[in-house]
Chemist: 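Handing you a structure now.
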Amino acid sequence: MQPQFKEYFERFPVSKIFWVRGLLPFYYRGKALHLKLLYKMTFEETGLKKQIIDAVTEMGFENLTPIQEKTVPFITTQNRDLIALAQTGTGKTAAFGLPVLNMLDVDVTDTQLLVLCPTRELCLQITGDLKNYSKYLKGLEIVPVYGGASIETQIKSLKKRAQIVVATPGRAIDLMKRKALKINTIQWLVLDEADEMLSMGFKEDLDTILAETPQEKRTFLFSATMPADIERMAHSYMKDPEEIAVAKKNIGAENVEHHYFMVRSKDRYEALKRIADVNPDIYAIVFCRTRMECKEVADKLMADGYNADALHGDLSQAQRDNVMQRFRSKHLQILVATDVAARGLDVNELTHVINYNLPDDPEVYIHRSGRTGRAGRSGISISIIHLKEKGKLKDIERICKKKFEQKPVPNGKEICEIQLMDLIDKMRNVEIDEKQISVFEERIAEKLADMSREDIIKKFVSMEFNRFLDYYRNASDINVDASAESEGRREKGKRDRGGKEKGSFRREKVKYSRLFVSLGTKDDLTPAKMMGFTNRIVNNRDVIIGQIDIMRNFSFFEVDTDHEKEVVDAMNGANFDGREISVEVASSTGAHEGQREKDSVRDRNKDFDGKKRKDRKEHKERRRDNESRSRRRHKAEADDFFHGGKKRRK
């Protein structure tokens, strides 16, 4: 703040600063200045019924959120349709629920408000919120209807006459066909998470439902983004709607940081584990593209000891409910989910959203990242990408108008330090039951009598900490330097265009040693596996690998001579898929080369799996048949020539 304004603000009562309510013009040294007054609006100022205000106050709410401050007065005082744009988790249910509850006539038993939402979970959440807001409104009935539950039970509830129905589109149509849900009398229609409903393919269902509603109703459309389909829907079904936005269209949440980690595709899961390890108190959703990938990642995390589970479309409703309940109650720290499966999962305290893969649609990224940083909290949206996805990340940055910050994947030392400090903090905060433990104090003291204070501390810490020390002892750097990779590709292009043999530039400056390894095609060895195995065992990024020649029973590969001894010492006796291998320096005219020639001849004769031999045999048979037919044809032509074209007798 500028010094000349400090005294003014000290005298001005602005203890409740939150967002813009207006402008205060005043003069300073003859200049007209405008300062933004930032106040919160209380529920007492809304003019809502006392029963509603009492219920909201009991829930612990005192002030309106930005979207509520704009929509509550508009709905209660204006007779127009409304398009409200706000991120998820900003209090949209209260934004339409409170003013409608204030205007609803509890003495009329017909359905007056229909709320459509994309998922079962969101349907139940909206119903629960509306019931809490209306707990002191006597005679009000609210019924949720959704798929995956008994339709007969829902029909019975609707027959009791509900003034408010919260529904998913598919179940609403089913009940309308059975004449159980009557919407020809509604006064208000709410489309919550409208963009999600359209992306899930509910457009035809929405068209069917809206066609049955009365023309004079008011329609309120709430959405986090404003795709073209939403604009078309507004043009088709809404009358001169007012557009209210607490953020710009298709913009990510303001209190969410956007980070990305760049790794090779094969290191994506390793990066995910390191992100989880460097954040001991992580409470996150990991988004995957497919059900298969979702299940695979979750299974790996659980096998590696993480408190995780999967949420995808292959789960039954009971399994889905169980997973979501465990996650909401924080019995799970990491939930691995697909976009469709996670819709309707409302959790306000997420610390991270992790994009295991970037979505193709930037608006999907907005929805993902909007699941953290809710209810005034801050959050972090993380994307794990490889070099080829940098362009897609730029597109998301441009559309979301958010700058993504590249972060380095933490190394083993950083992770171990953070985990150690976290373990010590937890130890300090452990509550001691003096009464229970005093019984064992004497025996504990006897057991530890010969140990020093320092040794006791180290051993207790090591009991929990050794797992991280062992795992990250020789952890490699999995970060990818985009600038170095790009420069490498440019150099390669220059060399290729110059007509040099691929890789010749590198080989001109590096002296290689040729090594023998007792692995071959019979061990399912490939050049890629050989390189990966070497990098993993040697754990030195400076080692340069040259040509790889794979035989049936053994192979040869080149490494730069400077690291020859290091590679041989590290790999000789190492384990490859349960087999101990032998690695040594190969002489140019030694036994290895002679054996290589013999192996090569034998491989050519065996043709590996026999397929080439079979093809060769079939080819010879076809050639013999062709030659036989050719000889018969030539003989026939000769006979015709000598016999003057007459048919010969047999």
Chemist: Look at atom CD of E417 and say whether more than 12 heavy atoms of other residues, nucleotides or ligands are closer to it than 6.0 Å.
Modeler: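 No, because the 6.0 Å sphere around CD of E417 holds 12 heavy atoms or fewer from other groups.
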
Chemist: Please check this pair: side chain of Q419 against backbone of D277, looking for a donor-acceptor N/O pair closer than 3.5 Å.
Modeler: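 Such a contact is found between Q419 side chain and D277 backbone.
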
Chemist: Got N572 and E584 here, is their nearest side-chain heavy-atom distance under 4.5 Å?
Modeler: no

Chemist: Taking all heavy atoms of C288 and all of E293, pick out the closest pair and write down the distance.
Modeler: CB-OE1, 3.4 Å

Chemist: Is the backbone of D314 close enough, under 3.5 Å, to the side chain of H312 for a donor and an acceptor to pair up by distance?
Modeler: yes

Chemist: Could you pull out all residues at least two apart from F43 that satisfy ring pair (Phe, Tyr, Trp, His ring centres under 6.0 Å)?
Modeler: none

Chemist: Can a donor-acceptor pair be found, under 3.5 Å and without considering hydrogens, that links the side chain of S555 to the backbone of V517?
Modeler: no

Chemist: Give a yes-or-no answer on whether the side chains of D304 and Y471 include a donor-acceptor pair shorter than 3.5 Å.
Modeler: no

Chemist: Salt bridge check: are D129 and K92 linked by an N-O gap of less than 4.0 Å?
Modeler: no

Chemist: Side-chain contact test, heavy atoms from C-beta onward, threshold under 4.5 Å: evaluate it for R264 versus I478 and give yes or no.
Modeler: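 Side chain of R264 against side chain of I478, heavy atoms only: no contact under 4.5 Å found.
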
Chemist: Does T372 use its side chain to pair, donor to acceptor, with the backbone of V353 at less than 3.5 Å?
Modeler: no

Chemist: Any ion pair linking D267 and R274 (charged N to carboxylate O, less than 4.0 Å)?
Modeler: no

Chemist: Which residue pairs pass the ring pair (Phe, Tyr, Trp, His ring centres under 6.0 Å) test when at least one of the two sits in residues 389-420, sequence neighbours left out?
Modeler: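 Qualifying pairs: H258-F404, Y365-F404.
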
Chemist: Enter the distance from K390:NZ to L387:CG here, rounded to the nearest 0.5 Å.
Modeler: 7.5 Å

Chemist: Tell me, yes or no, whether the heavy-atom count around K295 atom NZ, taken from other residues, nucleotides or ligands under 6.0 Å, exceeds 12.
Modeler: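 Atom NZ in K295 is not crowded, with 12 or fewer foreign heavy atoms closer than 6.0 Å.
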
Chemist: What orientation do F327 and Y283 show, parallel under 30°, tilted 30 to 60°, or perpendicular over 60°?
Modeler: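 Answer is tilted, since the angle falls between 30° and 60°.
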
Chemist: Treating N279 as the side-chain partner and I275 as the backbone partner, does any N or O pair qualify as donor plus acceptor under 3.5 Å?
Modeler: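 Yes, because the side chain of N279 sits within donor-acceptor range (under 3.5 Å) of the backbone of I275.
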
Chemist: Inspect the surroundings of CE in M292 and state if more than 12 heavy atoms from other residues, nucleotides or ligands are less than 6.0 Å away.
Modeler: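 Check fails, neighbour count at 12 or below.
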
Chemist: More than 12 heavy atoms of other residues, nucleotides or ligands under 6.0 Å from CD of E442: yes or no?
Modeler: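 No.
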
Chemist: Sub-3.5 Å donor-acceptor pair from the side chain of R289 to the main-chain atoms of Y356, do we have one?
Modeler: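 Checked: no pair found.
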
Chemist: Find out whether V559 and H563 are in side-chain contact, i.e. whether some heavy atom of one side chain is under 4.5 Å from a heavy atom of the other.
Modeler: no

Chemist: With a 4.5 Å heavy-atom cut-off, do E121 and R328 have their side chains touching?
Modeler: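 SC-SC contact between E121 and R328 confirmed.
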
Chemist: So does I384 get a backbone contact from the side chain of R268, meaning a donor-acceptor N/O pair under 3.5 Å?
Modeler: yes

Chemist: If you count every heavy atom of other residues, nucleotides or ligands that lies below 6.0 Å from K330 atom NZ, does the total exceed 12?
Modeler: yes

Chemist: Mark yes when over 12 heavy atoms from residues, nucleotides or ligands other than I432 sit less than 6.0 Å from its CD1; otherwise mark no.
Modeler: no

Chemist: Under 4.5 Å between any side-chain heavy atoms of K407 and I382, yes or no?
Modeler: no

Chemist: Give the minimum heavy-atom separation between M571 and F557, together with the two atoms involved.
Modeler: SD-CZ, 4.0 Å

Chemist: How close do V297 and L272 get, counting heavy atoms only, and between which atoms?
Modeler: CG1-CD2, 3.7 Å

Chemist: Using a 3.5 Å distance criterion without hydrogens, assess whether the side chain of S383 forms a donor-acceptor pair with backbone atoms of L358.
Modeler: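 Judged by distance alone, no pair lies under 3.5 Å.
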
Chemist: Does D524 have any side-chain hydrogen bond (donor to acceptor under 3.5 Å, both in side chains) partners at least two apart in sequence or in another chain, and if so, which?
Modeler: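 Listed in chain order: K529.
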
Chemist: For K565, I'd like to know if atom NZ has over 12 heavy atoms of other residues, nucleotides or ligands within 6.0 Å.
Modeler: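 It does not: K565 NZ has 12 such atoms or fewer within range.
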
Chemist: Any heavy-atom pair between the side chains of T290 and T338 that's under 4.5 Å?
Modeler: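 Of all side-chain heavy-atom pairs linking T290 with T338, none is under 4.5 Å.
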
Chemist: Tell me, with the steps shown, if D395 and R398 meet salt bridge (charged side-chain N to carboxylate O under 4.0 Å, His left out).
Modeler: CA-CA 5 Å; D395 290 340; R398 176 177 51 81; 3.7 Å; yes

Chemist: With distance as the sole test, does D549 use its side chain to make a donor-acceptor pair with the main-chain N or O of F556 at under 3.5 Å?
Modeler: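 No: the side chain of D549 does not pair with the backbone of F556.
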
Chemist: Minimum heavy-atom separation for L335 and A310, please, with both atom names.
Modeler: CD1-C, 4.3 Å

Chemist: Tell me, with the steps shown, if E405 and K403 meet salt bridge (charged side-chain N to carboxylate O under 4.0 Å, His left out).
Modeler: CA-CA 6 Å; E405 181 181 357; K403 183 65 178 175; over 6 Å; no

Chemist: Any side-chain to backbone donor/acceptor pair from S369 onto I366? Under 3.5 Å, distance only.
Modeler: yes

Chemist: Near R443 CZ, under 6.0 Å, is it more than 12 heavy atoms from other residues, nucleotides or ligands?
Modeler: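 No, CZ of R443 has 12 or fewer neighbouring heavy atoms, counting only those of other groups under 6.0 Å.
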
